[in-house]
2 protein chains.
Amino acid sequence: MFRKVLIAEDIDSINLGIVTNLKKSFDFEIAHVKYCDDAILKVKKALLEALPYDLLITDLSFKPDHRNCNICSGDELAREVLKLHPPTKIIMYSIEDRPLKIKNFFNEPGIHGYVCKGRESAREINKAIETVYKNEYYLSQSLDYAIKGTPVMEIDDYDIRLINELANGLLQDEIAKNFKAEGVFPASLSSIEKRLNKLKIYFKAKNSTHLVAIVKDLGLI
Amino acid sequence: MFRKVLIAEDIDSINLGIVTNLKKSFDFEIAHVKYCDDAILKVKKALLEALPYDLLITDLSFKPDHRNCNICSGDELAREVLKLHPPTKIIMYSIEDRPLKIKNFFNEPGIHGYVCKGRESAREINKAIETVYKNEYYLSQSLDYAIKGTPVMEIDDYDIRLINELANGLLQDEIAKNFKAEGVFPASLSSIEKRLNKLKIYFKAKNSTHLVAIVKDLGLI
DNA sequence: TTTTTACTTACGGAAAACCGTAGTCAGCAA
DNA sequence: TTGCTGACTACGGTTTTCCGTAAGTAAAAA
């Protein structure tokens, strides 16, 4: 079984809940931190001692507070930990339930398990630990169906940037000029109009304002 | 001190964390539920036994799942509990940190304390319990400044409805027609244009799309 | 009672979004 | 090598938003 497990979670009552639950079911050594940067320090220290963490359980979002953070989110943390020690297994444990976002986390940074916070998630964390220990992937069952049913969506960074610029109040003409100045391609007003039209069809939006509202609700921007 | 405390929280690891923490610091009887409807049943049962809950600690949002729920959120739960047993103190414990929303909860349904989930919130829950026991109000310190700093905002239901209709993709002309048909006043296109202009000035939005984005970020719609 | 202020409504013009057509170019398939 | 497809770009027309002005009305202040 795993021997050294690191938990990164900012909410203290969740930290306490996870640790209490894991101690009932497993025998491994558990450490827990509230800041991603502290997690990185622990991982580095463990590597120096030749006793690396073989499992990381991390939340996705970490509230900013008075401390300046270099790493501020669970996906960034996972990316760094996998760089430092590629054999480490990563289980993400978050309230996030947007299928596309979660699916992408398996690709990049390359997590091994995802448990959606819920009424039975303590039991799911245990199953996730057992599953990723066997080198299999784990996904909360409440998400599994949703993710398999999600249509292939070819929304790329350009599209997100475009909608974001609209949401920030820029006119299409201004966006075109900015894209041209920055070397973002394509940059013509017409192309922007056509791309926005495609996005509206895809998201079933009636106009640009509606599109921005839908995309915000989906959490893509 | 309080004698019977009810905790309503859907995430099991948070439930476990809160209960574990409270047992370290207090001596009262603790019950916990994952569904608001179950909380109501417990409150009613306790009233029948003439041993009512004198404190409720509740989350704000409860994930919908396979069960059909009559009461689906912490504010609805608080409202019902205060109807059933007005002396019960209510502490809300949530990830929500939008100042206006939280401020409103003190007015309606009339909560007595609010703790924002965070790194030190276990300690804050304890302070909140002691504070509301003394018939004082408790507010997470991280919010206190933000709430006091919030300007008086003269946005009324009409404004919210208007922005919401835009966010739902309706044209200004369509909104005018709908308002006229429903007897919403004022309903002319010109008045809607002028009201939107005022809102844009108030929120410092460059256009209607920007306005919708800002208002969504603020959590007003 | 009179005057002032604020809001509603209508309207016209400018700006921006929306929409369709056409030409060009690059990449892919036959 | 040739033909086809998809994307980019330009442009013109229509629709919608934005903006300002003016008239009417109701409420508040003098």
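Note that this is a predicted model, so its numbers are computed, not measured. What's counted below: heavy atoms across the whole structure, side chains too, no hydrogens, waters or symmetry copies. Just so it is clear: chains get the letters A, B, ... in the order the sequence lines come, proteins before strands, and each one is counted from 1.
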Would Lys127(A) pass as a cation-pi partner of Tyr138(A), given that its NZ or CZ must be under 6.0 Å from the six-membered ring centre and within 45 degrees of the axis? no

Aromatic Phe62(A) / basic Arg119(B) pairing, under 6.0 angstrom, 45° off normal: no

Sequence neighbours excluded, which residues qualify as side-chain hydrogen bond (donor to acceptor under 3.5 Å, both in side chains) partners of [X]?
X	value
Ser208(B)	none
Gln172(A)	none
Asp173(B)	Lys177(B)
Thr131(B)	none

Only counting residues at least two apart or in another chain, list the ones meeting ring pair (Phe, Tyr, Trp, His ring centres under 6.0 Å) with Phe185(B). none

Taken in chain and number order and not counting sequence neighbours, the residues that satisfy ring pair (Phe, Tyr, Trp, His ring centres under 6.0 Å) with Tyr137(B) are none

Of Lys194(B) and Lys200(B), whose closest DNA chain D nucleotide lies nearer the 5' terminus? Lys200(B)

In terms of the nearest nucleotide of DNA chain D, which residue is placed more toward the 5' end: Ser191(A) or Glu193(B)? Ser191(A)

Is Lys117(A) paired with Asp12(B) through a side-chain N to carboxylate O contact shorter than 4.0 Å? no

Taking only Lys NZ, Arg NE, NH1 and NH2, and the carboxylate oxygens of Asp or Glu, determine whether Asp38(A) and Lys45(A) approach each other closer than 4.0 Å. no

Any sub-3.5 Å donor-acceptor pair from [X]'s side-chain atoms to [Y]'s backbone N or O?
X	Y	result
Ser188(A)	Ser191(A)	yes
Glu174(A)	Leu171(A)	yes
Asp10(B)	Lys63(B)	yes

Criterion salt bridge (charged side-chain N to carboxylate O under 4.0 Å, His left out) on Asp156(B) and Arg161(B), from CA distance to verdict: CA-CA 9 Å; Asp156(B) 57 19; Arg161(B) 169 73 192 273; over 6 Å; no

Would you grab the first and last nucleotide of DNA chain C (5' to 3') that comes under 4.0 Å of any non-hydrogen atom in chain B? dC7(C) to dC11(C)

Residues of residues 172-183 of chain B with a heavy atom under 4.0 Å from any atom of DNA chain C, listed by number, are none

Do any side-chain atoms of residues 106-115 of chain B form donor-acceptor pairs under 3.5 angstrom with protein atoms, and if so which ones, sequence neighbours left out?
{"residue": "Glu108(B)", "atom": "OE1", "partner": "Arg79(B)", "partner atom": "NH2", "Å": "3.0"}
{"residue": "Glu108(B)", "atom": "OE2", "partner": "Arg79(B)", "partner atom": "NE", "Å": "2.9"}
{"residue": "His112(B)", "atom": "ND1", "partner": "Ile90(B)", "partner atom": "N", "Å": "2.9"}
{"residue": "Tyr114(B)", "atom": "OH", "partner": "Glu96(B)", "partner atom": "O", "Å": "2.7"}

Hey, what bend do you get for the helix from dT1(C)-dA30(D) to dA30(C)-dT1(D) if you fit axes on five pairs at each end, rounded to 10°? 30°

Nucleic acid contacts - residues 204-216 of chain B versus DNA chain D, non-hydrogen atoms under 4.0 Å: Asn207(B), Ser208(B)

Positional range of nucleotides in DNA chain D within the contact set of chain A, heavy-atom, under 4.0 Å: dA7(D) to dC11(D)

